[in-house]
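One structure is given below, encoded as structure tokens.
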Number of protein chains: 2
Amino acid sequence: MICNHYNFVKMDKIGAYLSKHEIKPSLQRLKIFEFLYNNKNHPTVDSIYTALSPAIPTLSKTTVYNTLKLFISKGIIRSIHIEDHEVRYDADTIPHGHFKCIGCGGLFDFPFDHHLQLQTNLAGFQITEEHFYLKGYCKLCGAN
Amino acid sequence: MICNHYNFVKMDKIGAYLSKHEIKPSLQRLKIFEFLYNNKNHPTVDSIYTALSPAIPTLSKTTVYNTLKLFISKGIIRSIHIEDHEVRYDADTIPHGHFKCIGCGGLFDFPFDHHLQLQTNLAGFQITEEHFYLKGYCKLCGAN
DNA sequence: TGTTCATTTGTAGTCATTACAAAATTACTT
DNA sequence: AAGTAATTTTGTAATGACTACAAATGAACA
Ligand SMILES: [Mn+2]
Ligand SMILES: [Mn+2]
Ligand SMILES: [Zn+2]
Ligand SMILES: [Zn+2]
């Protein structure tokens, strides 16, 4: 159920990855990206902030917002908008689908062939992003 | 480019449509659904409110919010969350794709075969909704 | 060390949405 | 038709996620 498109070996590789994308690897940026990389359940701003606060006691929620916005502008993470009241983040930028469970709130990855859909009447349109997601009940929450 | 999945002939048919879905057809509800039905550009709460205010001078934005929420709970419209700062609404509930132009902000329909994707590793998951959308530049905004 | 620049932080402000209760409208009963 | 109850609409206040902004901190460099 989990996509593994990238292959960092160690924490210190993340610094090089950020640098390669013109992002100076400060402590906060390293930790935030590391958290996103290790937690493939698509965290929210709040869950990132709550998780990192103990390790970085001075961390500000504004920094989390700013850093995620920076990451998005550099193209190394994506934001996921499924519910109107929550934004979730994903360090996996290779196109894949998402399943949102309306029971437990879990957000799961699944692969899909993103070239199947393009045989549609969008001639002359320039596509830069594609998003595909499902909603329903996951295996554990199955309503029955 | 526009999907036409439903076939109301006249305004007064909308009352029956609402009733069939356990929605008492008040003036506000009729007008709001009619507007959504006639404007397939996926309006926002604000554009609905602004458009209907002249005809219904007493209209409250709260009523627009409440009515849209009611329509969604009864399953006759859908909300579309693509950007984090705007929610758009669609009276067409039959699965179809959306193309969001990052130039002009336009949101266009396109058909797609929603059964193509389901050959994926989601065994045991109950799917209740599927959403597929693209972002990029429309024919008019084409960046070149 | 001193100077400059980039990053982080806390606070104040914004804005879309919601909660809530009063007002208005509709439905029902006598 | 008048009275009563239920539903719907409306306006205002409150909420809460996100942003703007400027001070504080920290890194880079001479
Ligand atoms: Mn993902
Ligand atoms: Mn549509
Ligand atoms: Zn679940
Ligand atoms: Zn356009």
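Here is the naming used below: chain letters follow the sequence lines, and residue numbers restart at 1 for every chain.
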Between the side chains of [Y] and [X], is the shortest nitrogen-to-carboxylate-oxygen separation below 4.0 Å, so that they form an ion pair?
X       : Y       : value
B:Glu34 : B:Arg29 : no
A:Arg88 : A:Glu83 : no
A:Asp46 : A:Lys61 : yes
B:Lys40 : B:Asp90 : no

Original post:
What is the 5' to 3' range of DNA chain D, first to last nucleotide, that sits under 4.0 Å from any heavy atom of chain A?
Top reply: D:dA17 to D:dA20
**OP:** Would you please classify the geometry between the A:Phe99 ring and the B:Phe125 ring as parallel, tilted or perpendicular, with 30° and 60° separating the classes?
**Re:**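 Answer is perpendicular, since the angle exceeds 60°.
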Original post:
Do B:His21 and B:Ser19 have side-chain atoms, one donor and one acceptor, less than 3.5 Å apart?
Top reply: no
**OP:** Treat primed atoms plus P, OP1 and OP2 as sugar-phosphate and everything else as base, then score nucleotides 5-23 of chain C 5' to 3': B for base contact with protein heavy atoms under 4.0 Å, S for sugar-phosphate contact only, - for none.
**Re:** -SSSBBB----SBBB----
Original post:
Residues two or more places apart in sequence or in another chain: which of them pass ring-ring contact (aromatic ring centres under 6.0 Å, His included) with B:His98?
Top reply: B:His42, B:His96
